[in-house]
Each structure stands twice: as C-alpha cells, then as structure tokens.
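We count ligands from 1, going down the list as the structure has it; atoms in each ligand are counted the same way.
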Amino acid sequence: MNIILLGPPGAGKGTQAKKLVDERNMIQLSTGDMLREARSSGTEMGNKVAAIMDAGELVTDEIVIGLIAEKLEGDHAGGFIFDGFPRTLGQADALGKLLADKGATLDAVIEMQVDDDTLVERVVNRAKEAEAAGQPVRADDNAESMRTRLMEYYKKTSPLIGYYYAKGDLKSVDGLASIDEVGAAIKAILG
Ligand code: AMP
C-alpha cells in the first residue's frame, strides 16, 4: 500500500508517518528529512538548498523528484508513506509516473486539516520544546519562516487537494484531534 500524507507544515504528517512505520511495516519517505540529511553531511546539493530551506521556500522539483526516484528503486512489501512529497503539481505528476513505471499504485491521499493559527503555534512550540530539551532547533521553525512556508503551501501545494480529489484518491482527517485519534481515523481509511 502506498499513501501520501498531505497537509501544511505542522499538520502532524511526520508524527503519523512514524506511527504507520511502527504499526504497518511501511517505509516513510520524507523529502524534508532527506534534505536535512544532505545538509548535515555537507553534500553539494545539501549546501545548495540550505538557504532556501531556512527561508521556508520550496527547493526545485528536480531535486526532490530525484531523491524520491532513488528511494523507489527498491521494492518494499509494506509500501511507502510519502511525507511532505509531492508539494507541487509537477511533483505529483512525476510521482504518478514513477509509481506507474514500477507497476505500483497510489492507494490513498490523506489530507490532514489543521487551522492556520494552530499550525503557527505548533511550529513555534516545537522549536521551544527542542530548545528546552537541548536538541537542535530547526532553522525554519520560527514565526517568520513559518509564514513563508504557509504561503508556499497555499500557493503551490494546496492545489494538490483538488488534483487528488478529482482523481478519486482524496480522504481528509481532522488534524486537530489527538495523535491517537488522528491515527485511528487514518487506520479507518486504510482498513
Ligand atoms: P518539511 O520537513 O517537510 O517541513 O520540509 C522542510 C523544508 O524542506 C521545506 O520547507 C522545503 O524547503 C524543503 N522541502 C521538503 N520537501 C520538499 C518538496 N517535496 N518540495 C520542495 N521542497 C521541499
């Protein structure tokens, strides 16, 4: 089973993806994590995207499609969770093609709905909690980058809601509920 978790920054995509990895033997493919890894290991690509990520803008389709294509080379019986990818219509088309080339299908696109005030609050709190725990704070988890991230989401990513609705793949969950309740709603969708 291959699924997309779709939603704005701070909607809880990563948290739910990790639950699905534990519970269903799925593989989480987070382009954000892959890009952060490229940055911390200091690859040429990592250095190139650093400033873009810190500002809260999207990196090019070419880069993220390349990262995903590499990960999709192997097969995995439990299936893939796309977390933070696709984020543009170009990426969505590319993913459809990559899956079709493998003879695989997209089984569900789960939209996690959270209001904007809560998103900003969650992201700012995530930074405060990381700081208090002595963990590294994401450079883009601040109110200013968050505004850009939200703007990028509404301009470039939210059209995917209509795109997947029209394809018949879209399901929505209330991302304001507790982590376990959201998990249960996703479970009910996936069966
Ligand atoms: P995330 O961890 O998903 O919030 O991603 C952090 C940052 O990585 C984003 O703000 C973008 O700069 C970049 N990024 C992650 N995934 C993508 C993507 N699919 N397309 C473009 N940029 C991305």
| Hey, mind stepping through F80 and L106 against side-chain contact (heavy atoms from CB on, under 4.5 Å) and telling me if it holds? | CA-CA 9 Å; F80 297 101; L106 188 60; over 6 Å; no
| request: Identify the heavy atoms of P86 and T157 that sit nearest to each other, and give their distance. | output: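 That would be O-CG2, 4.3 Å.
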| task | Quick one: list whatever passes salt bridge (charged side-chain N to carboxylate O under 4.0 Å, His left out) with K18, sequence neighbours left out. | result |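 Once residues adjacent in sequence are excluded, K18 has no partner under the salt bridge (charged side-chain N to carboxylate O under 4.0 Å, His left out) criterion.
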| If we only count heavy atoms from C-beta on, is the F82 to L95 side-chain gap below 4.5 Å? |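 Of all side-chain heavy-atom pairs linking L95 with F82, at least one is under 4.5 Å.
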| field | pair M146-V124: side-chain heavy atoms closer than 4.5 Å | value |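 Answer no - side chains too far apart.
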| request: Report the C-alpha separation of Q113 and D174 in whole Å, then their side-chain angles, then the decisive distance to 0.1 Å, and conclude whether the side-chain hydrogen bond (donor to acceptor under 3.5 Å, both in side chains) test is met. | output: CA-CA 5 Å; Q113 298 178 325; D174 175 11; over 6 Å; no
| task | List, ordered by chain and residue number, the protein residues whose closest non-hydrogen atom lies under 4.0 Å from any atom of ligand 1. | result |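 For ligand 1, the contacting residues are T31, G32, L35, R36, M53, E57, L58, V59, V64, G84, F85, R87, Q91, R138, D140, R149.
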